[in-house]
Amino acid sequence: MNIADSEEMAAHLLERGYVPTENLDEADLALINTCTVRDHAEHRALSFLGRLRKWKRENPARIIIFAGCAAQRLGEKLKKTFPFLDLVSGAKDIDQFAQLLDKSGLFHAEKAQTPAGQKSVTGYVTIMRGCDFKCSYCIVPSVRGPVQCLPSAEILKNATQKAAQGYSEIVLLGQTVNAWKEDGKTFADLLNDVSAVKGVERVRFVSPHPIFITPDFLKAVENNPKIARHIHLPVQSGSTKVLQEMKRGYTREILLEKLDALKERGFAISTDIIVGFPTETEADFQQTLSLVDRVHFSAAYCFKYSPRQGTPAAEMTLFPEKILEERLDILLNKVKGLAESAYRAQIGKPVQILMESPTKGRTSDNFWAQTCQTYPVGTVVNTEVLSVEDTLLLTRD
Ligand code: SF4
């Protein structure tokens with residue numbers, strides 16, 4: 001989501017005569033797009049902002065913009081702590097970013113720059129913003145607001161533009177991306193429509209919510225090979241009790257039903273898991289471990305519970321750090337070999353690789369693969385997996 005938002009804000013800066021650079025010393029402007037989902041992410045962004053004080057002092061004409069979810073949460077009061085900050089643009093303001101730049105009086109209309117040559121095969125298209133859930137640990141609904149689905153016409157126009165620019169993989173984005181709907185249209189319809197755009201070879205989506213894995217979606221997948229067979233589905237816990245206290249909207253049983261349905265259709269599934277939610281007992285934690293054993297995820301990103309001010313769970317009593325660390329260690333040990341075994345399980349299987357360089361690309365189920373021959377970037381190669389080196393498939397082509 002932040003990559004897409006950064007691209008959108010960068011496009012408005014390109015229109016005002018800026019070109020991207022990775023070298024801060026030669027930059028005239030720094031745009032910091034932030035995440036606030038964990039305390040740690042917000043601290044890193046603020047500490048980076050603090051380090052820019054010297055950069056700004058060296059040349060006061062330089063401009064600093066602090067954007068995204070941390071900017072939304074902290075607002076204009078940031079300017080008290082960081083008086084050298086020029087603009088604060090919260091995550092909810094992304095649609096008004098251009099007006100904000102114009103109103104600031106810091107920018108002059110200049111000739112639009114042509115974006116630097118496209119480096120990736122993946123183009124991001126935002127299809128919805130915000131979230132209607134109220135997970136008890138999560139700050140996103142308060143910084144991003146309720147769900148707003150973008151119109152399908154606008155989404156298809158964006159996807160068509162991306163495909164015309166040479167992006168053959170489109171990633172649809174939203175906080176609960178598969179909750180997208182419009183009148184009679186569902187997310188499954190949208191997946192089919194986007195994959196039918198000329199030049200689109202593959203469609204992915206981030207981040208789905210388990211409860212919207214519907215029969216309609218599963219049917220679309222069965223009939224449409226352009227929908228990637230990989231899903232990053234955050235499960236968060238394997239215990240029904242904890243899931244209910246987290247207000248996730250599903251039980252372990254419902255979750256397993258959805259995960260099984262995805263597996264039956266050939267999906268590789270990666271996930272996010274939180275350990276040490278304030279009410280998680282040892283038995284609850286064991287349920288999470290058993291879920292990991294049962295599902296064979298292709299990857300799992302595991303986090304210690306981190307309280308966020310303003311969320312209901314932040315009022316609950318925290319576990320001592322020692323218990324959080326112990327549980328995280330146990331879980332990390334369990335998930336350590338997941339990626340390697342998922343790669344090994346691909347040996348002998350047919351794969352469709354979307355080439356991201358002349359000899360490397362990703363399969364539909366999101367495994368990196370290396371081909372013997374060279375192919376044009378952005379094309380799809382049908383081949384078979386011969387062997388595996390760590391986390392790289394070697395093919396027979
Ligand atoms: S579904 Fe829950 S965890 Fe995900 S963004 Fe919404 S409130 Fe946060």
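FYI, side chains are in, hydrogens and waters are out, and symmetry mates aren't considered; it's all heavy atoms of this structure. In what follows, residues are counted from 1 in the order of the sequence shown. Read the numbers this way: they start at 1 and go in the same order the structure lists the ligands and their atoms.
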One finds that the ligand 1 atoms under 4.0 Å from a non-hydrogen atom of Arg248 are 1 (S), 2 (Fe), 3 (S)
Establish, for the pair Lys56 and Phe84, whether the NZ or CZ atom is under 6.0 angstrom from the six-membered ring centre and no further than 45 degrees off its axis. no
Once the angle between the rings of Phe267 and Phe217 is folded into 0 to 90°, is it parallel (under 30°), tilted (30 to 60°) or perpendicular (over 60°)? tilted
Going by distance alone, is a donor N or O of one side chain under 3.5 Å from an acceptor N or O of the other, for Thr391 and Arg344? no
Any atoms of ligand 1 less than 4.0 Å from a non-hydrogen atom of Pro141? List them with their elements. 7 (S)
So is Arg144 close enough to ligand 1, meaning a heavy atom under 4.0 angstrom away? no
Could you tell me, atom by atom, which parts of ligand 1 come under 4.0 Å of a heavy atom of His209? 1 (S)
Below 4.0 angstrom, N of the basic side chain to O of the carboxylate: do Arg294 and Asp260 qualify? yes
Which residue holds the protein heavy atom closest to atom 8 (Fe) of ligand 1, what is that atom called, and what is the gap in Å? Cys138 SG, 2.3 Å
What is the closest protein heavy atom to atom 2 (Fe) of ligand 1, and at what distance does it sit? Cys135 SG, 2.3 Å
Which option out of Ser142, Ser207, Cys131 puts a heavy atom nearest to atom 6 (Fe) of ligand 1? Cys131
Any non-hydrogen side-chain atom of Met246 less than 4.5 Å from a side-chain atom of Ser239? no
Is the Phe107 ring parallel, tilted or perpendicular to the Tyr18 ring (thresholds 30°, 60°)? perpendicular
